[in-house]
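Structure first, then comments.
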Amino acid sequence: MEKYRVEARVLSNECIAKDVYQMTLECVDAALSAKCGQFVNLYMKNESLLLPRPISICWIDGAKLTLVYGMVGKGTEELSTYGFGDLLQMSMPRGNGYDLEVVKEGQSALVIGGGIGVPPLLELTYALTQKGIKVTAVIGFQEEPFLMKPLIKAGADLYVATDSGTSGFHGNVVDLMEQEKLTADAYFACGPKPMLNALTNFVLQQKKDIQISMEERMGCGYGACVGCVCTIRDKESGLEVRKKVCKDGPVFWGSEVVWDAK
Amino acid sequence: MEKYRVEARVLSNECIAKDVYQMTLECVDAALSAKCGQFVNLYMKNESLLLPRPISICWIDGAKLTLVYGMVGKGTEELSTYGFGDLLQMSMPRGNGYDLEVVKEGQSALVIGGGIGVPPLLELTYALTQKGIKVTAVIGFQEEPFLMKPLIKAGADLYVATDSGTSGFHGNVVDLMEQEKLTADAYFACGPKPMLNALTNFVLQQKKDIQISMEERMGCGYGACVGCVCTIRDKESGLEVRKKVCKDGPVFWGSEVVWDAK
Amino acid sequence: MQNNNNPSNKEIENEDLDLRVKIAGVEWKNPITTASGTFSAKESSAFYDLGKLGAVTTKGVSDVPWSGNPTPRIAETYGGMLNAVGLQNPGVEAFISEEIPYIKKYDTKLIANVAGHTLEEYCRTVEKLNDTDVDMMEINISCPNVKEGGIGFGTDAKMAAEVTKAVKSLTKKPIIIKLTPNVTSISEIAKAVEAEGADAVSLINTLLGMRIDVRRGRTVLANKTGGLSGPSVKPVAVRMVYEVRKAVRIPIIGLGGIMTGEDAAEFLMAGANAVAIGTAALINPTAPIDILEGLKTYMKEMGFQNIQQIQNAFCD
Amino acid sequence: MQNNNNPSNKEIENEDLDLRVKIAGVEWKNPITTASGTFSAKESSAFYDLGKLGAVTTKGVSDVPWSGNPTPRIAETYGGMLNAVGLQNPGVEAFISEEIPYIKKYDTKLIANVAGHTLEEYCRTVEKLNDTDVDMMEINISCPNVKEGGIGFGTDAKMAAEVTKAVKSLTKKPIIIKLTPNVTSISEIAKAVEAEGADAVSLINTLLGMRIDVRRGRTVLANKTGGLSGPSVKPVAVRMVYEVRKAVRIPIIGLGGIMTGEDAAEFLMAGANAVAIGTAALINPTAPIDILEGLKTYMKEMGFQNIQQIQNAFCD
Ligand SMILES: Cc1cc2nc3c(=O)[nH]c(=O)nc-3n(C[C@H](O)[C@H](O)[C@H](O)COP(=O)(O)OP(=O)(O)OC[C@H]3O[C@@H](n4cnc5c(N)ncnc54)[C@H](O)[C@@H]3O)c2cc1C
Ligand SMILES: Cc1cc2nc3c(=O)[nH]c(=O)nc-3n(C[C@H](O)[C@H](O)[C@H](O)COP(=O)(O)OP(=O)(O)OC[C@H]3O[C@@H](n4cnc5c(N)ncnc54)[C@H](O)[C@@H]3O)c2cc1C
Ligand SMILES: Cc1cc2nc3c(=O)[nH]c(=O)nc-3n(C[C@H](O)[C@H](O)[C@H](O)COP(=O)(O)O)c2cc1C
Ligand SMILES: Cc1cc2nc3c(=O)[nH]c(=O)nc-3n(C[C@H](O)[C@H](O)[C@H](O)COP(=O)(O)O)c2cc1C
Ligand code: FES
Ligand code: FES
């Protein structure tokens, strides 16, 4: 039988930007099985918050997992109060990660992230560079960037955009890519839906495809409730089907996603 | 305006008997206004537990309050996890305490407690002995006694009964009082309803009255919801009225309580 | 959506906020009142100035004193509570001589909540309140805790209409009918009472619930069943306000699980004209004014200057 | 109350426990099943052996594939959740070819939950399931998330009776009618379906609710309203089981917010013959078997050796 819930011990939990926290957890089972692009479901101690919070895996290091999350509501507010030694309930890593088989040694990859979609790019960058792939990371924020140094350390060539123009390029990641004429053999992204949509259109125009990590409100996070669907057009049959983000995703091919599905 | 909620800091919280904990809190405002026989409402961090937990004040020491509670459900289970430095939300001391004006220096008092009704007797004993009153404490438990030493330290002559007979007198407090022919000028008690009922009958037979602290399920704990009533026969009019345990009590005269009220 | 109602983009100050609402011709200084049964003028006024609220709604009062149900009357549930107080109250005479003058010292509107077992009992109480300083009356046809009373009127559109008609014929004071959620179609009941002249409706009263102590093999409440309230019921209450808003034109006082200023805004968006704070005030006596402050903060952050703007900002 | 059913006072071992129940002639090895829509044979069986459960109840299935509602379909509420999945399902043919054989590998009973917009749709699906290995069918006349369907049948005693009658005439398999709590009198509906031959009833389905995101001025669910489930609704569910138990003689499958073994016992005391685990299983896939273990622990501590003893221990 597969294991679902595990206990994790907080090793550190610090604020790395306004309302953004980086938490490192010790949990051998989860860390050993984790892949880049997967997520974990975190359970709240305040049981009035019934549902687990899905958070992407940002970094895997032996028995340790690092998560980076934005404080946006009661659940992530609770998370922000945890400190060294606290125990928390978590699911094993869930979903399919990014498919790294699409690129080979010597090829290049563009990894693109927006806001709180940036964290999963870190492990992704590391995994790609480990394979001998040249990684360029393009990350966009409203105002305050984060994870820049770790991305560079993981081996990425880094481009930063902010909506406010306070750091890096003044504008969004697609504009930045256009201006800098950034291209690669493979594309990977994570971020808000509108960004992923624009990005997919941009990449498809270049006759390439892109792996994007989708976000959706979840009930169970393991495929039982059919709450988290995303409409996908089957390449062969052309039929639209609703697939589960938690189980069939969260990573899908941009070309498959039906953006205007009702 | 009166203050209602205050923050308290946990100084210690330790197990003193099976499933019984003693917690000392630092909270100047609450401690300075507290009187023996009052209680505080404790708020849970797990917000699925909506209502505050009423716990009697066991000991007052400057800016510190000590509570002793039994772990009987989810709320007290949460309390048992607190440790040094934890902050908790609490109400200011509530209810009317015991009336100590009924005894004078040189007189004697019997304070009688059962199980988790023993804790409030500690501050009561101290307050009485401070007034120069001779205190005899009679405490009963199912199996494992607690707070014996503190009661002796506070100046009480101590008698202990257990249902199991494992310590002290084998039987209940009323039997013990009967056997030892314990009497006094004033009587005070706290414990389960059947004990208080038997005790009241016993004391009334001796043409004395007794101050008893009643327990009832509470909604608000401050007199707004009329949830926690106890039926009281008005001495003058003879009429039965339902009084609020949280506001008009928790201490009532045994002679006033209508035990078989519907 | 932020600041879309504040084109100048100037920071909104407290004095720019206009929280007034008019409920059935009565102007409240803000849309917050207390929920009947969770407020006691004497106890609550120890902790805050009642004059800060738009209105206060008192505990259900009946023509003669009622002693209520046996204890236990309260049970906690997951994210909520059950109560079976059973409308214990000292009767309308005591209410008139003690409660009304006490509250009238404060600059707020007074809503008297009226309970009854029979049509005649409702009518007697309303008549007695007619010549008092009460500003509005709320007729509780929805208490699940009293046998043969209250809820029977609330679950049947015809009976609800009948009570409304009878009461309206006895008084010129604005009449609010308090509706129960324990029905198949709350909007049908709302329409029926509107048709008979109800000046406003308030909803929801409590959901009928029960809890069994499985270690003792008996219900926790002596009355067996009780009324469920608190944040756990809020989604049902919001949905019902939304449904009733589509069905009637009279003002709606929304309640059920409001714990924060944003919860209050949620009811306003769903279609309420004012809101009442119940269980939250049991947990914290100052909840009504804390929620009022929370609502103001929310308005400032969102750029709303009055209550209407909150309501309009809901894209249905 | 402890040990009162175990006069010998000998410690009860697992092998002394007899958890079997008979629901409409079908014997379950224990009174635990899954709640429709919160269980997926493929996903759930990764985490526990389905053969440990008394029965499994599958997601609502319709005569043709349904694509369900747009997203967001899920919203968290205080102590509960709203869902508006809208019965997305691949249709009864896919169910027959894939789901049934998959589940039939396990030693458990299979309850197929049937959805429909019209009487004819229910009938077509039931007919198609007739010659399969399904052990029982549960007719969902109570889904609040599908327009013109489901709940319309569940809120009207006549229509509920009509569906029951039609379905019963088509199949010999035991028919469970799943009731909605969104009604004035659930026992009236239960009586109506019993009169037309329903072999059992299950209750409750979800309470209709709504949540508004006040920062965005729109409902959290794309479908606007959704079904409320989880521990916050348990008191309503227990009360309804208790009411229905007094009204009908057929077995009751109780559900609504069961999170622990003692919650399951609470439904059994209220009058249920078996229980279903819904939202708890979304939060933790192994909840059904964890709750089964919890029930066993409770029974041992209380000295109960079979399910009947739990039911009898309730002093109404
Ligand atoms: C696959 C996946 C991976 C994610 N990875 C990250 C990450 O690495 N870092 C990060 O900061 N955030 C991530 N998110 C978003 C994160 O789950 C939400 O920000 C978080 O659940 C908010 O919880 P809250 O209690 O603070 O907010 P609230 O708004 O109070 O939450 C209420 C409910 O809505 C859900 N919810 C709220 N926002 C979202 C959202 N954006 N997506 C899905 N559910 C939501 C919550 O889980 C909860 O059930 C991810 C989401 C998904 C689906
Ligand atoms: C005035 C007063 C003083 C008290 N003083 C003490 C004390 O000093 N030490 C101590 O151990 N206990 C005391 N109690 C009892 C204590 O309040 C309960 O044991 C406690 O609330 C149980 O909470 P729980 O969440 O663990 O139990 P649960 O059973 O899970 O609680 C569920 C609900 O029932 C209420 N409840 C449960 N048991 C009782 C009870 N016996 N009386 C009132 N409400 C109850 C809880 O407050 C909560 O709302 C006192 C009660 C009252 C009314
Ligand atoms: C302890 C208690 C007593 C109540 N008494 C009354 C009452 O006398 N009259 C009435 O109309 N409603 C009464 N109610 C219902 C509340 O006014 C309100 O409708 C309900 O609690 C839902 O709101 P809430 O979730 O904010 O508490 C009572 C509720 C509680 C909790
Ligand atoms: C995500 C989700 C999907 C559901 N789908 C169905 C369904 O297809 N058919 C049905 O009869 N009930 C469905 N229900 C209702 C549940 O079976 C159950 O009646 C309800 O959730 C109450 O139980 P709970 O509180 O244990 O979840 C669904 C509930 C949820 C949460
Ligand atoms: S969240 Fe339940 S299927 Fe994805
Ligand atoms: S608990 Fe509300 S009046 Fe006492």
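Please read these numbers as outputs of a predicted model, since none were measured by experiment. Just so it is clear: chains get the letters A, B, ... in the order the sequence lines come, proteins before strands, and each one is counted from 1. FYI, side chains are in, hydrogens and waters are out, and symmetry mates aren't considered; it's all heavy atoms of this structure.
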Which residues pass the side chain to side chain donor-acceptor pair (under 3.5 Å) test with D:Glu98, not counting sequence neighbours? none
Indicate whether any N or O donor in one side chain lies under 3.5 Å from an N or O acceptor in the other, for [X] and [Y].
{"X": "D:Thr57", "Y": "D:Thr33", "result": "yes"}
{"X": "D:Tyr102", "Y": "D:Ser45", "result": "yes"}
{"X": "A:Asn197", "Y": "A:Thr200", "result": "no"}
{"X": "A:Asn96", "Y": "A:Asp248", "result": "no"}
{"X": "A:Ser255", "Y": "A:Lys235", "result": "yes"}
{"X": "D:Asn89", "Y": "D:Ser62", "result": "yes"}

What part of A:Lys3 lies closer than 4.5 angstrom to a heavy atom of chain D: side chain, backbone, both or neither?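 Only the backbone of A:Lys3 comes within 4.5 Å of chain D.
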Neighbourhood of chain A inside residues 283-293 of chain D, taking heavy atoms under 4.5 Å as contact: D:Ile283, D:Asn284, D:Pro285
Contacting moiety of [X], where chain A heavy atoms sit under 4.5 Å:
{"X": "D:Ser232", "value": "neither"}
{"X": "D:Thr38", "value": "backbone"}
{"X": "D:Phe39", "value": "backbone"}

Rounded to the nearest 0.5 Å, how far does CE of D:Met137 lie from CG of D:Leu110?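 Spacing of CG (D:Leu110) from CE (D:Met137) equals 10.0 Å.
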For chain A, which of D:Gly80, D:Ala46, D:Ser40 has the most heavy-atom pairs under 4.5 Å? D:Ala46
Pairs of heavy atoms under 4.5 Å with chain A: top-ranked of D:Gly230, D:Ser67, D:Pro90: D:Ser67
Are more than 12 heavy atoms from other residues, nucleotides or ligands located less than 6.0 Å from atom NZ of D:Lys296?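 Atom NZ in D:Lys296 is crowded, with more than 12 foreign heavy atoms closer than 6.0 Å.
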Lys NZ or Arg CZ of D:Lys234 over D:Phe267 ring: under 6.0 Å, within 45°: no
Please identify, among A:Cys220, A:Ser48, A:Gly221, the residue contributing the most non-hydrogen atom pairs under 4.5 Å to chain D.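 Option with the greatest count: A:Ser48.
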Most contacts with chain D, counted as non-hydrogen pairs under 4.5 angstrom, among A:Val226, A:Val241, A:Asn41: A:Val226
